[in-house]
Protein chains: 2
Amino acid sequence: MAKVSFKEQVLRAREDAIVASVNRLLAEKGYDIMTVDEVAADVGIAKASLYKHFSSKEELAGAAMVRVLQRAQAFMETLPADAPAVDQLKAVARWTMQVQLAGEMPSLPAQNSALRSSLMANKPYLDRLMDVSDQLGEWIVAAQQAGDLNPALPSEVVLYTLFARACDPVLGLLKVSGQHSDERIIEMLMSTCFDGLAGRTPAAQTSSTKSGS
Amino acid sequence: MAKVSFKEQVLRAREDAIVASVNRLLAEKGYDIMTVDEVAADVGIAKASLYKHFSSKEELAGAAMVRVLQRAQAFMETLPADAPAVDQLKAVARWTMQVQLAGEMPSLPAQNSALRSSLMANKPYLDRLMDVSDQLGEWIVAAQQAGDLNPALPSEVVLYTLFARACDPVLGLLKVSGQHSDERIIEMLMSTCFDGLAGRTPAAQTSSTKSGS
DNA sequence: GTCTATAAATCGATAGAC
DNA sequence: GTCTATCGATTTATAGAC
């Protein structure tokens, strides 16, 4: 059994607080606008102290991404293993939208090459990304074989689309418009995601059940 | 009749060149990473000269957005006025994806508040955005009445979704993967956009028609 | 209007005392 | 490990000569 000293627990807790702040600021402002001074002020420590825990701004972003992937993994483990694959995918999609509406989905720019290469060298991040992608990939293939997802789409395309919906700007636009409840926003975007703008539900089979919530 | 001096024509041409450069750099790197020095170097003039034409970086971005909205308007005017509304919408969606794959779709961060307030004070931009939105809005309502778009979706939701697909990161991800031609990428994303990941085409169940095409 | 040169401000990262 | 203070680099924007 690993012994964990009290000091180490405190250190852990502080780093958790740092990563939680980074996560929130990334969701609120995005990577390029977020400053390290801001993070330090939000946590309530000096910037130099921050750099004792994380050696660069890019590492802070990586830690926040690892955190959200961990949360996704934890959520996926709560799903009943015997449910139809398409329901697992819908549950994950709904969860990512809830996280985003709660202001807790960190968003990184798609084009910052320095940040991207840093992430591509971040093994904890890559490992978890692979795990999540593999699990989703299995569900995608199974759902296609069951006829619940369009089998003409490469699974890669479905995977990328689900990731993209996790940070879809439409969510934020609809939220600030203030005309719909969070629940309605999510149901509408679930509809456009799985049934498209044309929106014919394949009425015969899954008239889709809302699967609780 | 407005007289246009030769000097004015040259000035116009230079400003066009500037905005074209900004447009390309915004598509390639995004607003935050793009620097004014880069723009000046790309155009081939000194930075101070650039500021004689546009008084800030934000104005440069606004001019690029006006340019792409003008291109969209020009494209929409080439569409046959008597075609079904859903076909007009699909044509516009396909066009935006082509522009993005060509590396000519400027992308602004969704969260840079300084930039956003600058755009909200940019009348030429707002005017053109309204014009494009109004035309799309008409088509959306018509397509919903014709039963070609899900009438349960507020037209606002459809409009936002179409705008979001114009800068969907999935396009770029699939392009760099290099596994599909540009045409196939666009057809797949058109499918996920209008028919969803489930992908049942409406043809089977509605008694009607596909309305030509 | 175009240039060179520089001001003014911001931000990531570090030094060094405690 | 935490702090204050500061460096060094980058970037937006402008001065002033031509």
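So you know, we letter chains A, B, ... as the sequences are listed, proteins then strands, and number each from 1. All values reported here derive from a predicted model rather than from experimental measurement.
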* Structure fact -> Tightest non-hydrogen contact, residues Q179(A) and E156(B), listed as NE2-OE2, 3.4 Å
* Grab the two heavy atoms, one from E58(B) and one from S118(B), that are nearest each other, plus how far apart they are. => CB-OG, 3.4 Å
* Asked: Within the side chain of Q135(B), is there an N or O that forms a donor-acceptor pair under 3.5 Å with the backbone of M76(B)?
  -> no
* To do: Would you check if the side chain of E15(B) reaches a backbone N or O of R12(B) as a donor-acceptor pair within less than 3.5 Å?
  => no
Just the rounded figure in Å: distance from [atom2] of [N] to [atom1] of [X].
X: K52(B); N: dA13(D); atom1: NZ; atom2: P; result: 15 Å
X: L115(A); N: dC11(C); atom1: CG; atom2: C1'; result: 16 Å
X: L50(A); N: dC11(C); atom1: CG; atom2: C1'; result: 14 Å
X: K57(B); N: dA9(C); atom1: NZ; atom2: P; result: 19 Å
X: K47(B); N: dA15(D); atom1: NZ; atom2: C1'; result: 13 Å
X: E15(A); N: dT2(D); atom1: CD; atom2: C1'; result: 14 Å
X: F54(B); N: dT14(D); atom1: CZ; atom2: C1'; result: 18 Å
X: M34(A); N: dC11(C); atom1: CE; atom2: P; result: 12 Å

* Does one side chain, of N112(A) or D32(A), offer a donor that lies under 3.5 Å from an acceptor on the other? -> yes
Return no unless some side-chain N or O of [X] is found under 4.0 Å from OP1 or OP2 of [N].
X: R14(B); N: dT2(C); value: yes
X: S49(A); N: dC3(D); value: yes
X: Y51(B); N: dA13(D); value: yes

What's the closest nucleotide to the side chain of [X] if the choices are [options]?
X: L11(B); options: dA13(D), dG1(C), dG12(C); value: dG1(C)
X: A46(B); options: dT11(D), dT4(C), dT2(D); value: dT4(C)
X: V36(B); options: dT14(D), dC3(D), dT12(D); value: dT12(D)

* **Lys NZ or Arg CZ of K57(B) over Y51(B) ring: under 6.0 Å, within 45°** => no
* Could you run through DNA chain D and flag its stems, i.e. three or more consecutive Watson-Crick or G-U pairs with both distances under 3.5 Å? => C:1-18 with D:1-18
* Asked: Do the non-hydrogen side-chain atoms of L50(A) and L60(A) ever get within less than 4.5 Å of each other?
  -> yes
* Asked: Pick the nucleotide of DNA chain C nearest each of A48(B) and T35(A); which residue has the one closer to the 5' end?
  -> A48(B)
